[in-house]
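Chain letters run A, B, ... following the sequence lines, proteins first and then strands; every chain starts at 1.
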Protein chains: 2
Amino acid sequence: MKISTKGRYALRIMVDLAQHDNGGYTPLKEISERQEISMKYLETIISHLNKAGFVESVRGKGGGHRLAKPAQELTVGSVLELVEGTLAPVSCLEGDRNHCDRANTCYTLPMWQELNRIIAEYLGSVTIYDLVHQQDQLIGNDYSI
Amino acid sequence: MKISTKGRYALRIMVDLAQHDNGGYTPLKEISERQEISMKYLETIISHLNKAGFVESVRGKGGGHRLAKPAQELTVGSVLELVEGTLAPVSCLEGDRNHCDRANTCYTLPMWQELNRIIAEYLGSVTIYDLVHQQDQLIGNDYSI
DNA sequence: TAATATTCCTACTAAGTCAATAGGATTTAT
DNA sequence: ATAAATCCTATTGACTTAGTAGGAATATTA
């Protein structure tokens with residue numbers, strides 16, 4: 001029951017891009033330095049974000065990346081679902097292909113469906129903008145300093 | 001972001017034990033046949049449940065397993081946390097050992113904490129008894145038949 | 001044109017996790 | 001004794017994760 005580094009890093013990339021958005025393009029090298037994650041690994045992740053239309057990228061000197069949409073329109077759930085493949089907490093809920101023969105008599109399935117709904121609802125309600133603008137939570141919470 | 005078969009099967013074992021609880025002990029062979037899961041695999045899972053005090057087991061002929069507590073007192077969350085090790089959606093939240101240097105300036109951590117809280121709250125609110133007594137959901141829901 | 005800075009692309013790999021299975025030892029009832 | 005059950009330790013094949021490697025393509029600038 002874990003979001004992988006790919007999902008976590010993808011969010012950090014999006015937040016970093018939102019924070020340093022001045023209309024231009026941010027090169028990956030800067031994100032890599034700020035986030036302390038190797039450029040090579042970030043490359044594979046941001047390429048995915050680019051292909052899915054979350055990020056616009058420009059090659060060559062002076063190039064880089066920027067958010068393709070306003071941060072208010074990019075939800076945490078959509079980013080995670082993209083790079084993680086799915087957010088379903090059990091394989092039984094992944095599309096139709098994993099539909100189990102026992103589903104219509106399964107006593108645990110309704111609980112999994114509700115868990116799935118709750119997770120999707122929360123992650124769909126938080127945007128990249130929300131993550132950037134949360135001074136209140138960030139400073140003075142129980143894990144700061 | 002997946003609960004493994006171990007977690008799912010552990011819940012099915014607990015539900016099966018609750019459904020067939022007549023005061024005596026249910027042998028694993030019966031559970032295996034009803035749930036269509038190999039006895040060998042169930043053995044390793046139920047042994048875990050037994051050591052943690054969720055299930056009482058008796059060896060030898062006529063032996064078997066039964067719930068160690070009333071189903072109302074056994075939450076889905078506690079069972080899953082036991083066999084899965086943790087329910088935290090990101091490794092950053094696992095105890096103190098994975099505490100990250102960046103935690104006090106991490107813009108995604110509060111979101112992960114809230115997600116963690118929501119998941120724990122829901123799974124802690126559903127009991128094995130609830131899973132067994134849910135005819136309304138089970139019959140007539142959109143995945144039955 | 002040459003140098004430089006950047007993204008883009010494909011492949012590879014070491015380590016870890018998952019989902020079981022195997023083979024027997026031990027215990028208890030009859 | 002025999003049968004029916006749990007208990008215990010180890011092993012295995014497949015898959016996933018978390019990167020790394022090496023270079024090709026593109027764009028800017030001097």
Using only atom types and a distance under 3.5 Å, with no angle test, would you say the side chain of [X] pairs donor to acceptor with the backbone of [Y]?
X: K2(B); Y: A88(A); answer: yes
X: R34(A); Y: D16(A); answer: no
X: Q134(B); Y: Y107(A); answer: yes
X: S32(A); Y: I37(A); answer: yes

Are [X] and [Y] connected, step by step, through hydrophobic side chains (Ile, Leu, Val, Met, Phe, Trp, Tyr) whose heavy atoms are closer than 4.5 Å?
X: V132(B); Y: V55(B); answer: yes
X: Y129(A); Y: Y122(A); answer: no
X: L49(A); Y: V58(A); answer: no

Return the value, rounded to whole Å, for the distance between atom [atom1] of [X] and atom [atom2] of [N].
X: E94(B); N: dT17(C); atom1: CD; atom2: P; answer: 10 Å
X: I3(B); N: dA19(C); atom1: CD1; atom2: C1'; answer: 16 Å
X: K2(B); N: dC18(C); atom1: NZ; atom2: C1'; answer: 14 Å

N/O-N/O pairs, protein side and nucleotides 7-13 of chain C side, under 3.5 Å:
from   : atom 1 : to     : atom 2 : distance (Å)
dT7(C) : OP1    : L28(A) : N      : 2.6
dT7(C) : OP1    : H65(A) : NE2    : 3.1
dT7(C) : O2     : R59(A) : NH1    : 3.1
dC8(C) : O4'    : R59(A) : NH1    : 2.7
dC8(C) : N4     : E43(A) : OE1    : 3.0
dC8(C) : N4     : E43(A) : OE2    : 3.0
dC9(C) : N4     : E43(A) : OE1    : 3.2

Any Y9(B) side-chain N or O less than 4.0 Å from OP1/OP2 of dA20(C): yes
Contact under 4.0 Å: T5(B) side-chain N or O vs dA19(C) OP1/OP2: yes
Helical bend (five base pairs per end, nearest 10°) for the helix from dT1(C)-dA30(D) to dT30(C)-dA1(D): 10°
Worked verdict on T108(B) versus R8(A) for side-chain contact (heavy atoms from CB on, under 4.5 Å): CA-CA 8 Å; T108(B) 54; R8(A) 302 202 319 268; over 6 Å; no
Check: T127(A)/D130(A) side-chain N/O donor and acceptor closer than 3.5 Å: yes
DNA chain D contacts made by residues 79-89 of chain A, counting heavy atoms under 4.0 Å: none
Whichever of M1(A) and G62(A) has its nearest DNA chain C nucleotide further upstream toward 5': G62(A)
Show which side-chain atoms of residues 22-31 of chain A pair as donor or acceptor with protein atoms under 3.5 Å away, not counting sequence neighbours.
from   : atom 1 : to     : atom 2 : distance (Å)
N22(A) : OD1    : G24(A) : N      : 3.0
Y25(A) : OH     : R66(A) : NH2    : 3.3

Side chain to side chain donor-acceptor pair (under 3.5 Å) involving N116(A) - partner list, sequence neighbours excluded: none
Side chain to side chain, I119(A) and M1(B), heavy atoms closer than 4.5 Å: yes
Outermost DNA chain D nucleotides near chain A [under 4.0 Å, heavy atoms]: dA18(D) to dT28(D)
Intermediate values then yes/no, side-chain contact (heavy atoms from CB on, under 4.5 Å), I3(B) and E84(B): CA-CA 7 Å; I3(B) 297 289; E84(B) 296 284 321; 3.6 Å; yes
First encountered from the 5' end of DNA chain D, between K61(A) and K6(A): K6(A)
